[in-house]
Amino acid sequence: MPEILEKLILLETSLLQIKILAILYEKSSSEMKNKIKKILLQKIIFLVNKIGVGPSGNLKSMVVEYKPGLDEIDIDRTLEEEPMNNTVKYESIYCYEKIKQKGSYILMLDISNSMYQEKIAVAAIATGVFARKLKDELHGVLVFSRDVKIIKKFNEPNILPNLVDRMLEVQTGGATNIRLAIQKGYEMLCSSRTSQKIGILVTDGWATIGGDPVEVAKRFDRLHVLGISFGRGGSDPVLNAKMARAGKGKYMHVKNFDDLPLAIAKILRNK
């Protein structure tokens with residue numbers, strides 16, 4: 001085992017390397033687990049910072065008077081100011097400016113399926129990307145199956161190693177109560193005073209208990225749904241699309257589980 005670890009450490013950090021480390025972590029003795037976990041956390045944080053780089057947040061387009069740096073002119077508004085004048089003054093030019101709106105975000109991750117440890121590691125990377133991109137915004141994380149477990153509260157500091165560590169220890173399997181999960185997620189969002197309350201739901205869409213979640217989805221300012229297959233059971237695109245439509249958000253089908261971290265990054269770039 002130590003020889004395998006030495007060879008793995010020398011490799012360039014990659015998703016495959018992290019998945020192999022996760023398998024070794026799951027199958028190791030207690031003493032070796034601690035050593036592997038330290039390496040696993042370092043590798044995951046490295047990949048999170050790589051994938052999660054770049055801006056995110058809600059951008060609202062507003063019409064404002066011209067100032068240096070703005071290059072998209074609102075022609076109609078500008079002409080309204082000087083309709084009969086052949087020369088246009090700077091103070092009469094109006095441009096579009098992208099203003100960032102403060103929001104609060106909740107990631108709701110379905111763990112009702114029995115996932116192998118390497119998939120838990122991928123989910124930990126995805127969760128880290130979510131928190132990394134929203135480091136300057138209010139955000140929380142919960143996982144769910146029959147019940148809901150809060151991984152990160154809104155008022156907790158954004159410490160990536162702690163978040164990833166918690167994700168690596170989640171126990172998967174059980175029935176799927178999507179309605180309870182998004183209801184709890186919405187309640188968490190309501191504890192914040194931000195103008196936008198946005199949820200990201202990652203699930204296969206097979207709601208086995210708890211009833212129809214679509215009505216609860218309508219409460220969000222925006223609810224994005226990432227439909228993903230955890231195994232051979234596939235996913236339910238019909239329910240996933242309904243929830244996204246009710247929540248005025250986007251529905252994205254994630255074909256390969258390994259693509260989840262990039263899907264999280266993409267949905268946060270284009271909210």
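All heavy atoms count here, side chains included; hydrogens, waters and symmetry mates do not.
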TODO: Answer yes when Arg166 and Glu156 have at least one side-chain N-carboxylate O distance shorter than 4.0 Å, and no when they do not.
DONE: yes

Open item on the list: Under a 4.0 Å threshold between the charged nitrogen and the carboxylate oxygen, would Lys37 count as salt-bridged to Glu169?
Closed with: yes

Task: Common cluster, Tyr105/Leu189, ILVMFWY with side-chain heavy-atom separation under 4.5 Å - done: no

- [ ] May I ask whether Met188 and Val141 are part of the same hydrophobic cluster, defined by side-chain heavy atoms of I, L, V, M, F, W, Y residues being less than 4.5 angstrom apart, directly or through others?
- [x] no

Would you say [X]'s side chain and [Y]'s backbone share a donor-acceptor pair under 3.5 angstrom?
{"X": "Asn113", "Y": "Met115", "answer": "no"}
{"X": "His224", "Y": "Gly249", "answer": "no"}
{"X": "Arg146", "Y": "Ala175", "answer": "no"}
{"X": "His139", "Y": "Leu134", "answer": "yes"}
{"X": "Gln196", "Y": "Asp221", "answer": "no"}
{"X": "Ser235", "Y": "Pro237", "answer": "no"}
{"X": "Thr176", "Y": "Ser145", "answer": "no"}
{"X": "Asn240", "Y": "Asp236", "answer": "yes"}
{"X": "Thr194", "Y": "Ser104", "answer": "yes"}

Kindly check if the number of other-residue, nucleotide or ligand heavy atoms within 6.0 Å of [atom1] ([X]) is above 12?
{"X": "Tyr116", "atom1": "OH", "answer": "no"}
{"X": "Lys149", "atom1": "NZ", "answer": "no"}
{"X": "Lys248", "atom1": "NZ", "answer": "yes"}
{"X": "Lys152", "atom1": "NZ", "answer": "yes"}

Roughly how far, to the nearest 0.5 Å, is the [atom2] atom of [Y] from the [atom1] atom of [X]?
{"X": "Ile267", "Y": "Lys133", "atom1": "CD1", "atom2": "NZ", "answer": "12.0 Å"}
{"X": "Phe144", "Y": "Leu201", "atom1": "CZ", "atom2": "CG", "answer": "5.0 Å"}
{"X": "Gln17", "Y": "Ile44", "atom1": "CD", "atom2": "CD1", "answer": "10.5 Å"}
{"X": "Lys43", "Y": "Leu11", "atom1": "NZ", "atom2": "CG", "answer": "7.5 Å"}
{"X": "Ile151", "Y": "Met108", "atom1": "CD1", "atom2": "CE", "answer": "14.0 Å"}

- [ ] Could you label the plane-to-plane angle of the Phe257 and Phe230 rings as parallel, tilted or perpendicular, counting under 30° as parallel and over 60° as perpendicular?
- [x] tilted

Task: Glu118 and Val122, any side-chain heavy atoms less than 4.5 Å apart - done: no

